[in-house]
Participant: 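Would you mind keeping the following structure in view while I ask a few things?
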Amino acid sequence: MSGGRRRPRTVHIPCASVRTSTASPPVAPGTLSGFDRRPMTIDPLELMERQHGLVLRRQLLAGGWPPALIDRKVASGEWTAIRRGVYICTVRWDAADEHVGRPLMRALAASLSMLHPHVVSHDSAALIAGLPVLRTHRALTHITRYGVHGGRTRHGVKHHQAPFEPWMVEESSGVPYFGIARTAADLAREHGLHQGLVAFDAALAMGCRPADLDAVVAGMRNWPQVTVVKECRELATWGAESPGESLTRLLLREMGEIAQTQFGLMNGGRQVWSDLRVRRHLIEFDGRRKYRDESDLWDEKLREDFLRGLHLGISRVVWEDVNTPIAWCRTQKRLNTDIARSDELYGRDLTGLEGLIIPDAVRLERIHRL
């Protein structure tokens, strides 16, 4: 065009060539849209069922679980992280008690998360096997590593290094742990005579063979604290139904009194058993679960009346009487007075009860059924 500016040339581009699709690509079955496209091949509930209710973060990641989804499970409260990278359903965790359930779960979590060879041991093995552990000894998780003597504590786990034989190791859903014979001895070395005797008595009550205990003790020759282990083995006996009974028997022994466990009497079709006997004096350890209702209390009153009618003295001990050094000494003084009074009133032998005492064969059979 003459005398004017040239208009720019308009170029027409087909729409199809610039159209951008807003549809997401198809999501394959077993994947999670919005995280990544790897298939999730692991069902955490199945893993938890096989692993004491626990699942590891590394297992989930290897099975295609996105980190963000794992974190969301924890943030929502559905799962609880009881150790770095180890999760449990919060409902199950909340239902576990602080004295056995949660320490046990922490021990299992520590074992499952470890990569180096080890065996769960000491207090933690006791929790798995069902051996009683005194409450003051449950703060740490214990494992024994292959090697020689020594140890260290890190991240709430005490690592022990001590020799052992294959027959001492058992397994529970992929977690290796020491059986009750080795564990009883380890508890004695780690925590002393009180915990050790409780463990040795319980091991016998649970069916541990005396020969196995003897073999474990013999293998600890020249180990630190082996003298405590030997003393526990010498004092251990069948018939203790609870840690309280074991401790009460030890308390009496320190007083110079040798107590018989599970002393039984029968008269007129009535059969009664007592936890401990020193001459004509009986000692009963009363746990919180011993008397569940009023009928249990009434039955116990009738039982005590029956025993006192046979010229037997009775003392009662509860957990608060043996759980601290001060209480321990106070209880010894009380029992010393009670036993001396029974000696004075009823004599020091079982004269007059000969036909009422349940024979040893029946007594031993009952002990093995406990």
Side-chain angles (χ1 to χ4, degrees), residues 193-194 197-198 200-201 205 231-232 234-291 294 296-364 366-367 370:
L193 183 58
H194 288 203
L197 182 59
V198 166
F200 269 83
D201 276 359
E231 184 174 6
C232 291
E234 292 171 1
L235 296 178
T237 184
W238 285 285
E241 295 183 88
S242 69
E245 291 181 26
S246 298
L247 293 176
T248 303
R249 195 174 83 255
L250 179 60
L251 180 149
L252 289 165
R253 187 177 182 86
E254 288 183 0
M255 295 165 49
E257 304 287 2
I258 306 301
Q260 177 186 356
T261 62
Q262 300 303 320
F263 175 68
L265 293 168
M266 179 181 291
N267 187 25
R270 183 186 182 100
Q271 186 179 107
V272 298
W273 296 89
S274 295
D275 297 334
L276 299 165
R277 179 187 67 86
V278 175
R279 297 185 289 281
R280 292 190 77 105
H281 194 82
L282 309 177
I283 299 96
E284 297 289 327
F285 185 87
D286 291 337
R288 290 176 182 248
R289 300 179 183 177
K290 193 168 186 176
Y291 310 115
E294 291 184 3
D296 289 339
L297 291 172
W298 180 251
D299 289 343
E300 182 61 22
K301 179 197 180 301
L302 296 178
R303 174 180 169 279
E304 183 169 323
D305 290 344
F306 169 78
L307 292 170
R308 290 190 184 278
L310 297 175
H311 294 169
L312 294 166
I314 299 177
S315 294
R316 295 190 176 277
V317 177
V318 297
W319 185 252
E320 288 72 19
D321 293 327
V322 296
N323 67 345
T324 66
I326 293 176
W328 186 272
C329 293
R330 185 174 60 242
T331 303
Q332 284 182 321
K333 292 179 181 179
R334 173 169 65 87
L335 292 182
N336 189 58
T337 300
D338 293 348
I339 293 170
R341 180 169 176 76
S342 291
D343 288 345
E344 181 182 352
L345 291 174
Y346 311 126
R348 298 174 62 90
D349 57 35
L350 298 177
T351 300
L353 299 178
E354 295 86 352
L356 306 180
I357 299 174
I358 295 177
D360 284 344
V362 179
R363 173 176 162 266
L364 292 175
R366 179 180 188 272
I367 287 174
L370 292 176

Participant: Does a side-chain heavy-atom distance below 4.5 Å link Val317 with Leu335?
Facilitator: yes
Participant: Could you walk me through whether Leu193 and Leu250 satisfy the side chain to side chain contact (heavy atoms under 4.5 Å, CB included) test, starting with their C-alpha distance in whole Å, then the side-chain angles of each, then the deciding distance to 0.1 Å, before giving a yes or no?
Facilitator: CA-CA 9 Å; Leu193 183 58; Leu250 179 60; 3.9 Å; yes
Participant: Would a distance-only check, ignoring hydrogens and angles, find a side-chain to backbone donor-acceptor pair under 3.5 Å from Thr324 to Glu320?
Facilitator: no
Participant: Between Ser342 and Leu312, is any pair of side-chain heavy atoms under 4.5 Å apart?
Facilitator: no
Participant: Do Arg253 and Glu231 meet the salt-bridge criterion of a basic N to acidic O distance under 4.0 Å?
Facilitator: no
Participant: Is any side-chain heavy atom of Met255 closer than 4.5 Å to a side-chain heavy atom of Leu252?
Facilitator: yes
Participant: Distance check, rounded to the nearest 0.5 Å: Glu234 atom CD versus Phe200 atom CZ?
Facilitator: 10.5 Å
Participant: Taking the side chain from Gln332 and the backbone from Leu251, do they hold a donor-acceptor pair closer than 3.5 Å?
Facilitator: yes
Participant: Go through the steps for Phe263 and Leu307 under the test side chain to side chain contact (heavy atoms under 4.5 Å, CB included), then give the verdict.
Facilitator: CA-CA 12 Å; Phe263 175 68; Leu307 292 170; over 6 Å; no
Participant: Under a 4.5 Å cut-off applied to non-hydrogen side-chain atoms, are Arg249 and Asp201 in contact?
Facilitator: yes
Participant: Looking only at heavy atoms, which two atoms of Leu197 and Ser246 are closest? And how far apart?
Facilitator: CD2-O, 3.8 Å
Participant: Is it true that, when you exclude Ile258 itself, more than 12 heavy atoms of the residues, nucleotides or ligands shown sit nearer than 6.0 Å to its CD1?
Facilitator: yes
Participant: For the residue pair Asn267 and Leu356, what are the closest heavy atoms and their distance?
Facilitator: OD1-CD2, 3.7 Å
Participant: Can you list every pair that meets salt bridge (Lys or Arg N to Asp or Glu O under 4.0 Å) and has a residue in residues 259-269, with sequence neighbours left out?
Facilitator: none
Participant: With the side chain counted from C-beta on, respond yes when His311 and Leu345 share a heavy-atom pair under 4.5 Å apart, and no when they do not.
Facilitator: no
Participant: Check whether any side-chain heavy atom of Cys329 lies under 4.5 Å from a side-chain heavy atom of Glu254, and answer yes or no.
Facilitator: no
Participant: Parallel under 30°, tilted from 30 to 60°, perpendicular over 60°: which one fits the rings of Phe285 and Trp319?
Facilitator: perpendicular
Participant: Which heavy-atom pair separates Arg280 from Tyr346 by the least distance, and what is that distance?
Facilitator: CD-O, 3.1 Å
Participant: Within a radius of less than 6.0 Å around CZ of Arg334, do more than 12 heavy atoms belonging to other residues, nucleotides or ligands occur?
Facilitator: yes
Participant: Do Ile283 and His281 come within less than 4.5 Å of each other through their side chains, counting heavy atoms only?
Facilitator: yes
Participant: Please round to the nearest 0.5 Å and tell me the distance separating atom CE of Met266 and atom CD of Gln271.
Facilitator: 4.0 Å
Participant: Tell me, do Leu265 and Ile357 make a side-chain contact under 4.5 Å, heavy atoms counted?
Facilitator: yes
Participant: I need the Thr261 OG1 to Glu245 CD distance, nearest 0.5 Å.
Facilitator: 8.5 Å
Participant: Measuring from Arg341:CZ to Ile339:CD1, what's the distance to the nearest 0.5 Å?
Facilitator: 14.0 Å
Participant: Which is it for Trp328 and His194 under the side chain to side chain contact (heavy atoms under 4.5 Å, CB included) test, yes or no, and what are the steps along the way?
Facilitator: CA-CA 12 Å; Trp328 186 272; His194 288 203; 3.6 Å; yes
Participant: Can you tell me how far the CG atom of Asn323 sits from the OG1 atom of Thr331, to the nearest 0.5 Å?
Facilitator: 9.0 Å
